[in-house]
Amino acid sequence: MTIEQIYTGCLAQGAYYIESNGEAAVIDPLREVKPYIERAEADNAKIKYIFETHFHADFVSGHVTLAKETGAEIVYGPKANPSFEAIIAKDQQEFKIGKITIRVLHTPGHTMESTTYLLIDEHGKNHAIFSGDTLFLGDVGRPDLAQKAKELTQEDLAGYLFDSLREKIMPLADDVIVYPAHGAGSACGKNMSKETVDTLGNQKKTNYALRADMTKEEFIQEVTDGLLPPPSYFPLNVKMNKEGYDDIDEVLERGTRALSPDAFETAANETGAVILDVRHQNDFAKGHIPRSIFIGIDGGFAPWVGALIADTEQAILLVADEGREEETITRLSRVGFDGTIGYLKGGFKAWEAAGKETDSVNSVPASEVETAVKADANTPVFDVRKPGEFEAEHLEVAESTPLDYINKHLSAFPDTKEFYIHCAGGYRSMIAASILKSRGIHNLIDVQGGYAALKETDLKTTNYVCPSTLKK
């Protein structure tokens with residue numbers, strides 16, 4: 001028996017490849033399915049099943065394409081209603097993969113179709129659970145993504161989740177391995193561990209949601225407390241996962257059109273496409289196409305695209321380092337953004353060489369902020385980190401304007417007076433700078449190195465409060 005976790009950092013997502021005696025299964029695959037096919041070929045195995053733990057909201061799964069390419073059957077748990085052919089399994093139904101068994105444990109709560117898959121080894125021993133978004137390490141799935149008008153409230157779903165955990169998962173032995181669908185950084189939970197594998201016994205000891213003496217009322221209160229609104233693209237990803245989507249090869253063919261600076265400019269003017277610049281933030285600061293949006297490929301790329309561009313059907317024109325265009329289009333497609341219509345051939349250097357208009361971002365070291373604040377205590381400073389980061393610790397002079405909701409904070413920024421923006425290290429503040437400049441706000445100054453650099457100055461900060469304390 002082979003179990004391989006295939007973890008994708010920028011999505012904080014875990015897919016799983018399982019093989020036994022020449023047969024294989026894949027759980028929650030990503031959209032580009034070639035790695036799974038190649039993995040099975042290397043084992044001389046045939047992919048028999050594709051198990052989906054639920055209709056994912058934060059990424060587009062590869063189930064439809066993988067089934068088409070391999071002939072494997074797609075399996076969902078009870079209450080799933082996909083538009084394509086799939087096995088809708090019953091609770092406790094079992095599937096054989098070589099010498100091992102996968103048992104379906106219907107665990108509604110995150111969504112009503114949410115299902116955990118229990119792996120039973122060839123000796124009949126419960127070996128591991130693939131818990132999807134039902135159980136994370138340190139947390140459980142948020143119960144507010146499957147609401148339908150007044151039919152279900154997040155409290156209703158949290159109640160289902162409480163029962164699922166206590167009836168289906170917690171009775172399992174402590175040595176059962178937990179393989180979750182996500183880790184820290186995913187928007188599908190709020191208190192996830194950076195670890196990606198654990199034992200159920202350790203989770204019973206350390207996960208607040210699995211306390212043995214916890215009442216259902218306490219569980220509902222704690223699980224629903226402090227939930228931030230889900231990103232706007234989540235429902236659009238659910239729709240694609242339920243109804244199907246274009247093959248990644250078609251998306252790549254449409255997107256990898258090399259456009260000269262003149263053609264790129266014409267396309268931007270005629271289509272209303274978002275110009276997305278994915279280079280390093282330092283390069284963007286030095287020079288970029290006016291009104292382009294920066295979201296660097298080497299940061300938390302896909303989730304920020306989803307959160308800030310939001311509309312998966314939005315046309316996109318790319319500015320990327322040469323050779324990284326296909327990678328960028330692939331990563332956009334993981335979160336359902338299939339609308340790339342071309343990229344700038346030769347990158348930003350070609351745009352400059354063509355004599356086109358450019359813009360830049362004023363970016364300064366933390367010491368300059370220190371000097372400015374000491375000279376004028378009313379110097380405006382804005383912190384674009386997440387609310388929890390701000391609450392844990394921040395500059396006393398700073399105001400919280402989280403990047404996730406930057407468009408709702410536009411009125412907070414001064415009309416003419418220069419102001420400073422920072423995040424934790426410099427990536428998110430450059431995204432914020434690009435958005436503000438695209439909205440006509442140019443009197444901003446980015447802080448290099450973010451809060452980490454600001455802490456090294458003599459500027460006053462609030463006393464640190466542990467985020468887990470804040471959650472209670």
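Just so it is clear, the model here is predicted, and its values are computed rather than measured.
- Looking only at side-chain heavy atoms (C-beta outward), Trp304 and Ile309 stay at 4.5 Å or farther from each other.
- Residue Pro180 comes nearest to Val178 through the heavy atom pair CD-O, 3.5 Å, listed as atom of the first residue, atom of the second, then distance.
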request  = Verify ring pair (Phe, Tyr, Trp, His ring centres under 6.0 Å) between Phe51 and Tyr16, making sure each step is shown before the conclusion.
outcome  = CA-CA 10 Å; Phe51 293 100; Tyr16 297 91; over 10 Å; no
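- Scanning for salt bridge (Lys or Arg N to Asp or Glu O under 4.0 Å) contacts around Glu4 gives Arg39, with sequence neighbours left out.
- With hydrogens and angles disregarded, a donor-acceptor distance shorter than 3.5 Å links the side chain of His182 to the backbone of Ala12.
- Listed by chain and residue number, His63 satisfy the ring pair (Phe, Tyr, Trp, His ring centres under 6.0 Å) test with Phe84 (two or more places apart in sequence, or in another chain).
- For residues 13-26, the set of pairs meeting the salt bridge (Lys or Arg N to Asp or Glu O under 4.0 Å) definition, not counting sequence neighbours, comprises Glu23-Lys48.
- Here the side chain of Asn126 pairs no donor or acceptor atom with the backbone of Val176 at under 3.5 angstrom.
- Every residue meeting the side chain to side chain donor-acceptor pair (under 3.5 Å) condition with Ser114, not counting sequence neighbours, appears here in chain and number order: Thr111.
- More than 12 heavy atoms of other residues, nucleotides or ligands shown are found within 6.0 angstrom of CD on Glu94.
- Using modelled atom types, one finds a donor on one side chain and an acceptor on the other under 3.5 Å when comparing Tyr208 with Asp139.
- Once rounded to the nearest 0.5 Å, the distance linking CD of Gln314 with OG1 of Thr271 reads 8.0 Å.
- For His422 (side chain) and Arg385 (main-chain N/O), no donor-acceptor pair under 3.5 Å exists by modelled atom type.
- For residues 164-177, the salt bridge (Lys or Arg N to Asp or Glu O under 4.0 Å) pairs, not counting sequence neighbours, are Asp91-Lys168, Lys125-Asp175, Asp174-Lys204.
- Within a 6.0 Å sphere centred on OH of Tyr49, other residues, nucleotides and ligands contribute more than 12 heavy atoms.
- Counting only residues at least two apart or in different chains, salt bridge (Lys or Arg N to Asp or Glu O under 4.0 Å) contacts with residues 302-314 are absent.
- For residues 315-325, the set of pairs meeting the side-chain hydrogen bond (donor to acceptor under 3.5 Å, both in side chains) definition, not counting sequence neighbours, comprises Asp298-Arg324, Arg324-Glu327.
- Note that the CZ atom of Phe219 and the OG1 atom of Thr224 stand 9.5 Å from one another [nearest 0.5 Å].
- Taking 4.0 Å as the cut-off between side-chain N and carboxylate O, Lys216 and Asp163 count as a salt-bridged pair.
- With Ser61 as the fixed residue, the side-chain hydrogen bond (donor to acceptor under 3.5 Å, both in side chains) test singles out one of Gln13, Arg31, Glu52, His56: Glu52.
- Closest approach of Phe284 to Ser292, counting heavy atoms only: CE1-OG, 3.5 Å.
- Taking the side chain as every heavy atom from C-beta outward, Asp338 and Thr312 never approach each other to under 4.5 Å.
- In plain terms, the two heavy atoms of Gly98 and Asn21 that are nearest each other are CA-CB, 3.9 Å.
- Under the salt bridge (Lys or Arg N to Asp or Glu O under 4.0 Å) criterion, Asp247 pairs with Lys68, sequence neighbours left out.
- Ion pairing of Glu113 with Lys242 is absent here, as no side-chain N (NZ or NE/NH1/NH2) approaches a carboxylate O to less than 4.0 Å.
- In this structure, the salt bridge (Lys or Arg N to Asp or Glu O under 4.0 Å) partners of Glu393, at least two apart in sequence or on a different chain, are Lys455.
- Remark: the backbone N or O of Gly132 is not paired with any side-chain donor or acceptor of Tyr117 at under 3.5 angstrom.
- Interatomic distance, CG of Asp198 versus OH of Tyr179, reported as 11.0 Å (0.5 Å rounding).
- No donor-acceptor pair closer than 3.5 Å links the side chain of His127 to the backbone N or O of Ile120.
- Under the 4.5 Å side-chain criterion, counting only non-hydrogen atoms from C-beta, Leu135 is not in contact with Thr116.
- Remark: the backbone N or O of Val335 is paired with a side-chain donor or acceptor of Asn237 at under 3.5 angstrom.
- Heavy-atom minimum distance, Asp121 versus Ile100: CA-CG2, 4.1 Å.
- One N or O on the side chain of Asn241 and one on the backbone of Phe59 form a donor-acceptor pair closer than 3.5 Å.
- Using modelled atom types, no side-chain atom of Tyr76 and backbone atom of Phe55 make a donor-acceptor pair closer than 3.5 Å.
- The two residues Ser164 and Pro108 come nearest to each other via the heavy atoms OG-O, 2.7 Å.
- Within a 6.0 Å sphere centred on CD of Gln92, heavy atoms belonging to other residues, nucleotides or ligands number more than 12.
- Smallest separation of non-hydrogen atoms from Ala40 and Ile47: CB-CG1, 3.7 Å.
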Side-chain donor-acceptor pairs under 3.5 Å in residues 427-434, sequence neighbours left out?
{"residue": "Tyr427", "atom": "OH", "partner": "Gly296", "partner atom": "N", "Å": "3.3"}
{"residue": "Tyr427", "atom": "OH", "partner": "Gly296", "partner atom": "O", "Å": "2.6"}
{"residue": "Arg428", "atom": "NH1", "partner": "Glu389", "partner atom": "OE1", "Å": "2.8"}
{"residue": "Arg428", "atom": "NH2", "partner": "Glu389", "partner atom": "OE1", "Å": "3.4"}
{"residue": "Arg428", "atom": "NH2", "partner": "Glu389", "partner atom": "OE2", "Å": "3.0"}
{"residue": "Ser429", "atom": "OG", "partner": "Gly426", "partner atom": "O", "Å": "3.3"}
{"residue": "Ser429", "atom": "OG", "partner": "Asp446", "partner atom": "OD1", "Å": "2.5"}
{"residue": "Ser434", "atom": "OG", "partner": "Phe294", "partner atom": "N", "Å": "3.0"}
{"residue": "Ser434", "atom": "OG", "partner": "Ile431", "partner atom": "O", "Å": "2.7"}

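- The side chain to side chain donor-acceptor pair (under 3.5 Å) test applied to Thr328 returns no partner, not counting sequence neighbours.
- By the 4.5 Å heavy-atom criterion applied to side chains, Arg439 and Leu410 are counted as neighbours.
- Partners of Arg254 under the salt bridge (Lys or Arg N to Asp or Glu O under 4.0 Å) rule, at least two apart in sequence or in another chain, are Asp246.
- More than 12 heavy-atom neighbours from other residues, nucleotides or ligands sit within 6.0 angstrom of CD on Glu122.
- Heavy-atom contacts from other residues, nucleotides or ligands closer than 6.0 Å to NZ of Lys96 number more than 12.
- Taking a cutoff of 4.0 Å between a charged side-chain nitrogen and a carboxylate oxygen, Glu69 and Lys34 do not qualify as a salt bridge.
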